[in-house]
Amino acid sequence: MRLLLVSGNEGKFREFREALGRRGHRLEWKRFPYPEVQSASLDEVVGEALAWLRARLGESEPFMIDDSGLFVPALNDFPGVFSAYVLRTVGNPGMLRLMEGVGDRRARFEARLGLWSRETGQRIFPGRVDGRIGTEARGAGGFGFDPIFVPEGRDRTFAEISVEEKNSFSHRGRAVAALLDFLEGRAGR
Ligand code: IMP
């Protein structure tokens, strides 16, 4: 199967390519900027973006998009839907400063994977991974908040593990596995 990812984020593209490749599918990548509505809900952001893109890309070819964020309960789930803005402005050093003196360092990544195809209509697949904010940035791999996120039950950050390992339990890895189960199930009917 061939799938199209619409995203401006190369880190996401690398992860999707690995996850699809492992299951024998091929990924195409289209950089096509789309507006993200101001909303506290990732589902709403993805739903609106899918509708906006359908009107511009045409409805002949299936495509998918990913919206994700880092949620910190001790900060009332900030940065959440503002994750991209926080990375662009204060980055990981700013997040670490915000967490100074905070005892509860729990955090989670959430992803919503939006799919459009003529056969299925709009579908949204969620994924989540729990962990904590480290006390320093570590690792050169990955992207975004990866150097400061330590998944539950592990010592290494997302930036210190391979794309394959991250995909095996990350928010994005879980969402894409659900999407592929769905599409492969339909293809096998
Ligand atoms: P959006 O999904 O494009 O709205 O961006 C969410 C922000 O969270 C981006 O700036 C990403 O870099 C960041 N982000 C999303 N997923 C991950 C991840 O798996 N690791 C690290 N940062 C992430």
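Order of appearance sets the numbers: ligands from 1, and atoms from 1 within every ligand. In this chain, numbering begins with 1 at the start of the sequence shown.
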How far is [atom] from its nearest protein heavy atom, and which residue and atom is that?
atom                    : result
atom 22 (N) of ligand 1 : F145 N, 3.0 Å
atom 4 (O) of ligand 1  : D67 OD1, 2.9 Å
atom 15 (C) of ligand 1 : S68 OG, 3.2 Å
atom 8 (O) of ligand 1  : S83 CB, 3.5 Å

Do ligand 1 and [X] have nitrogen or oxygen atoms that lie under 3.5 Å from each other?
X    : answer
F158 : no
E15  : no
H171 : yes

Which is it for [X] and ligand 1 at heavy atoms under 4.0 Å: side chain, backbone, both or neither?
X    : value
F143 : both
L87  : side chain
E36  : side chain

More than 12 heavy atoms from other groups under 6.0 Å of CZ on R106: no
Ligand 1 contacted by K12 (non-hydrogen, < 4.0 Å): yes
Euclidean distance, S7 OG relative to F32 CZ, rounded to 0.5 Å: 13.5 Å
Spacing of CG belonging to L183 relative to OG belonging to S117, to within rounding of 0.5 Å: 7.0 Å
Below 4.0 angstrom from a heavy atom of [X], which ligand 1 atoms are there? Numbered from 1 as shown, please.
X    : result
R172 : 15 (C), 16 (N), 17 (C), 18 (C), 19 (O)
D146 : 18 (C), 19 (O), 20 (N), 21 (C)
K166 : 18 (C), 19 (O), 20 (N)
F109 : 17 (C), 18 (C), 20 (N), 21 (C), 22 (N), 23 (C)

Whether [Y] and [X] form a salt bridge (side-chain N of Lys/Arg under 4.0 Å from carboxylate O of Asp/Glu) is what I want to check.
X    : Y    : result
D66  : R172 : yes
E18  : R22  : yes
R54  : E61  : no
D130 : R108 : no

Geometric cation-pi criterion, R56 with W52: 6.0 Å, 45°: yes
Row check, F158 ring normal vs R138 NZ/CZ: under 6.0 Å, within 45°: no
Short side-chain to backbone donor-acceptor contact, E160 and T157, under 3.5 Å: yes
